[in-house]
Amino acid sequence: ASNVSAGKLIKEATAAYKQVAKDTGYQWTTSVKAIKAARAAFDTGNYTDAEAHARAAMDLIEATRLQAKIEADTWKMRVPK
């Protein structure tokens with residue numbers, strides 16, 4: 001992994017996190033931890049770990065988006081009619 005690809009992934013993960021939070025109101029703290037771990041690894045020059053943490057953050061962000069969609073679709077079934 002290079003500093004360019006790792007840096008790009010960290011920026012993409014940060015932007016995706018903010019967008020999902022804005023769109024859905026959902027925010028997973030595990031996503032923030034993964035982004036912070038990616039930044040810390042990047043800052044120490046460990047670009048392979050930085051990229052791995054950024055990819056993990058992207059997976060968590062996508063899971064957040066999916067959970068928000070599922071909740072938006074299924075909450076109606078939990079409300080008595």
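Only heavy atoms go into these numbers, but all of them, side chains included; no hydrogens, no water, no symmetry mates.
Nearest heavy atom pair, residue A41 against residue A50, reads CB-N, 3.5 Å. Taking both residues in full, the closest heavy atoms of A13 and I61 are given as O-CD1, 3.2 Å, listed atom of the first, atom of the second, then distance.
Residue pairs satisfying the salt bridge (Lys or Arg N to Asp or Glu O under 4.0 Å) criterion with at least one member in residues 55-70, sequence neighbours excluded, are listed as follows: E51-R55, E62-R65, K69-D73.
For the atom pair I10 CD1 and K36 NZ, the distance stands at 14.0 Å (nearest 0.5 Å). Once rounded to the nearest 0.5 Å, the distance linking CD1 of I35 with CG of L60 reads 9.0 Å.
A search for side chain to side chain donor-acceptor pair (under 3.5 Å) contacts involving T64 returns nothing, not counting sequence neighbours. When the side chain to side chain contact (heavy atoms under 4.5 Å, CB included) test is applied to T74, the partners found at least two apart in sequence or on another chain are I70, M77, R78. In this structure A52 satisfies the side chain to side chain contact (heavy atoms under 4.5 Å, CB included) test with no other residue, sequence neighbours excluded. In this structure Q19 satisfies the side chain to side chain donor-acceptor pair (under 3.5 Å) test together with D23, sequence neighbours excluded. With sequence neighbours excluded, the residues that form a ring pair (Phe, Tyr, Trp, His ring centres under 6.0 Å) with F42 are Y47. In this structure, K18 has no salt bridge (Lys or Arg N to Asp or Glu O under 4.0 Å) partners at least two apart in sequence or on a different chain.
When the side chains of ILVMFWY residues are joined at heavy-atom separations under 4.5 Å, either directly or via intervening members, V20 and Y17 end up in a single hydrophobic cluster.
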Under 3.5 Å donor-acceptor pairs involving side-chain atoms of residues 25-34, not counting sequence neighbours:
residue : atom : partner : partner atom : Å
W28     : NE1  : Q67     : OE1          : 2.8

